[in-house]
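Remarks on the structure that follows.
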Amino acid sequence: TLPIKGVSVSGSKELRAHIATPLIEAGKVFLPENAEWLDDFLTECSNFPLASHDDMVDAFNQGLNELKRCNKTTTVSTQNLFKQTSYFQL
């Protein structure tokens, strides 16, 4: 089982994306190059906030904001989640 916990969010999806944007622009987030979901994810990101679907973008931003809120350096491996290895460090 995955250690998943619910988090309370505040503000709009656009505000949460705005808060996470500096981490991405600073080059601190890496995505797996060969992930089956990558094209869909990047399309959703590119069309945000006007896309008809934004769940992946919102979940991604919530995760980044939660790691940022923890205020510690964190390296996350997605090896077990996506059957390939990628990392991001905050």
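Side chains included, hydrogens not; waters and symmetry mates left out as well; all remaining heavy atoms used. The model shown is predicted, which means the values in this text are computed figures rather than measured ones.
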Taking atom [atom1] of [X] and atom [atom2] of [Y], what is their separation to the nearest 0.5 Å?
{"X": "T43", "Y": "D39", "atom1": "OG1", "atom2": "CG", "answer": "6.0 Å"}
{"X": "E14", "Y": "D54", "atom1": "CD", "atom2": "CG", "answer": "7.5 Å"}
{"X": "I24", "Y": "F60", "atom1": "CD1", "atom2": "CZ", "answer": "4.5 Å"}

Please report the shortest heavy-atom distance between [X] and [Y], naming the atom on each side.
{"X": "L64", "Y": "L23", "answer": "O-CD1, 4.0 Å"}
{"X": "V9", "Y": "Q62", "answer": "CG1-OE1, 3.1 Å"}
{"X": "F41", "Y": "L31", "answer": "CE2-CD1, 3.8 Å"}
{"X": "A17", "Y": "T21", "answer": "O-OG1, 2.6 Å"}

V57 reachable from W37 in the ILVMFWY side-chain graph, under 4.5 Å edges | no
Report yes if some heavy atom in the side chain of D58 is under 4.5 Å from a heavy atom in the side chain of R16; otherwise report no.
-> yes
What residues join L50 in its hydrophobic cluster, counting side-chain heavy atom gaps under 4.5 Å, either direct or through other members?
-> none
Return yes if some donor-acceptor pair links the side-chain N/O of N65 with the main-chain N/O of N61 below 3.5 Å, else return no.
-> yes
